[in-house]
Amino acid sequence: MLKTIVGTVLVLFWVLNFAQAQEVTIELGPSEIGLNETFSIKVTISNDKIKSYDEFPDIPSFQKQGLSQSSSMNVINGQVSSTNSIIQYYKPTKKGEFTLGRFSIKINGVDYTSPGKTITVGDPRGAQRQSNVFDPFNDLFGATPEEPEFIEIEDDAFFASTVDKEEIFVGEGLNVSLAFYMSETNQAPFQFYEPGRQLDEILKKMKPSNAWEENFNITNIQPERVSFNGKNWIKYKVYEATFFPFSEGEITIPAISWEMIKYKVAKNPTFFGANRLEDFKKFYSSAKKIKVRPLPPHPLRNEVSVGVFQLRENIQEFEAQTGEGFTYNFGISGEGNINSINPPKTKQIHLLNTYDPNVRQQINRGNGRVTGIKEFNYYMTINEPGQVKLADYFDWIYFNPVTAKYDTLRPKAIINVSGDSKVNQAISNQRLGGIYDLIDVENNKLSNKRYKYYFSVLMNLLLVGSVILLAVLIMRKGNG
């Protein structure tokens, strides 16, 4: 009963005082150690947990010997304080004087700096000690506990790549994900190790050279409960993307490695001692090959989009006046490569005038699918009164990989047009080419041009006659 009351009071004090200012300190081991001793760097945070940290610095001629963590809580005059520490141990490889330069380490997203120090390594000493490791049991009771023995616990975890199809068409989406799985009964303690750096390496390996990639950009690794093979698992998805191949053949998903921090645990844990030792384990996914089939024969096989699409229109039935402008929205929505969607085919005649569309698109990535909409906004006028079915002027052909058939989206919109005919006006506003282009720009004073023509002919005839007459006169003089 007394223990319960004391525990409750301690918890209450902890909650009331948790908001105390956080303080981070970096403690370095001694300046002189023996060849058989260890040097340490200890980072301690007050009134908070160490949620994330960078890799500790390297020291010339020292080998890293693993990490340990410790925590403590104190109640003084009703004030509760706590500390959490992480310690990196280093073992010297030879004697001499070595310099640990100035370094920074990121703790819980904040950089903290240490000036470093010079370490002198001498001959081995009679009794090895763990340098600069805080041990409350030793400090409080004057006892020297035995060095803990750490053991590795067998884990029930794996790393795997998953694809949603084993065979696809050219242009069809292939969803690929990478995840770390850990069974709900797993007892081995794990922690993610530099996921950002590992993902950068994965991105260089995953994307096929002959495919468009839509990356889901996972920035926060969240647990997800899944079941398969008769067991419950916790799934941590670290990468997901959908690939749209440009050509037939094969897509290869390479084998990927993923490294986790796997702690060894103390065989005989103590209340104050370091009960975990950091270690690492690499997991590997298996490679996969996906066959890419060509699209069936079609005149537009190399131009059409591939996916499951629907048509969205902003109007169903609309009243308009001849020559009056209005906006028509031809929207294509569905699942597929939204970026690759081309504008619909249009038929241009004098009855209906259209201009190049404004284009807007939205892409959504989630639940293993790439979906979205691409809108083509047309400004148009109609020149003849009557009922106009836009299906006669617009169509969009695509390939549906689910049915393995080509399909066409056509508008359902109908425009009811009233007013006077504007067809002739529309024709006159267009450039018809040839002689008609010269009517408005050429001079219509044909008499002036005809006069110049006749004058030129007359002068040429006079010149020819003069030459002939001169030749005749010369011939007669020669005969005489």
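All residue numbers refer to positions in the sequence shown, counting from 1. Below, all heavy atoms of this structure are taken into account, side chains as well, without hydrogens, waters or symmetry copies.
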Over all atoms of both residues, closest heavy-atom pair of Ile221 and Pro195: CD1-CB, 4.1 Å
Audit row: Lys282, Glu259, salt bridge (Lys or Arg N to Asp or Glu O under 4.0 Å) steps and yes/no: CA-CA 4 Å; Lys282 275 191 176 182; Glu259 191 169 21; 5.1 Å; no
Residue pair [X] / [Y], side-chain donor-acceptor N/O under 3.5 Å:
| X | Y | answer |
| --- | --- | --- |
| Ser418 | Gln321 | yes |
| Asn377 | Thr327 | no |
| Thr113 | Ser104 | yes |
| Thr252 | Lys288 | no |

Please tell me whether [X] and [Y] form a close aromatic pair, meaning their ring centres lie under 6.0 Å apart.
| X | Y | answer |
| --- | --- | --- |
| Tyr398 | Trp396 | yes |
| Tyr378 | Tyr355 | no |
| Trp258 | Phe159 | yes |
| Tyr236 | Phe192 | yes |
| Phe158 | Phe283 | no |

Verdict with reasoning, Tyr90 to Ile41, per side chain to side chain contact (heavy atoms under 4.5 Å, CB included): CA-CA 8 Å; Tyr90 298 83; Ile41 299 177; 3.5 Å; yes
Crowding at [atom1], [X] (>12 non-hydrogen neighbours, <6.0 Å):
| X | atom1 | value |
| --- | --- | --- |
| Asp356 | CG | no |
| Asn367 | CG | no |
| Gln310 | CD | yes |

Closer than 4.0 angstrom, basic N to acidic O: yes or no for [X] and [Y]?
| X | Y | answer |
| --- | --- | --- |
| Lys64 | Glu55 | yes |
| Lys262 | Asp279 | no |
| Asp155 | Lys281 | yes |
| Glu166 | Lys289 | no |
| Arg369 | Glu335 | yes |
| Lys347 | Asp395 | no |
| Glu214 | Arg365 | yes |
| Arg225 | Glu184 | yes |

Parallel, tilted or perpendicular: ring planes of Phe318 versus Phe326, cut at 30 and 60 degrees: tilted
Pair listing, salt bridge (charged side-chain N to carboxylate O under 4.0 Å, His left out) test, anchored in residues 305-314, at least two apart: none
Note, Phe376 side chain near Asn358 side chain (heavy atom, < 4.5 Å): no
Sequence-distant partners of Lys205, side-chain hydrogen bond (donor to acceptor under 3.5 Å, both in side chains), two or more places apart: none
Glu240: partners by side-chain hydrogen bond (donor to acceptor under 3.5 Å, both in side chains), with sequence neighbours left out: Asn175, Lys237
Cation over ring face, Arg276 and Tyr263, 6.0 Å, 45°: yes
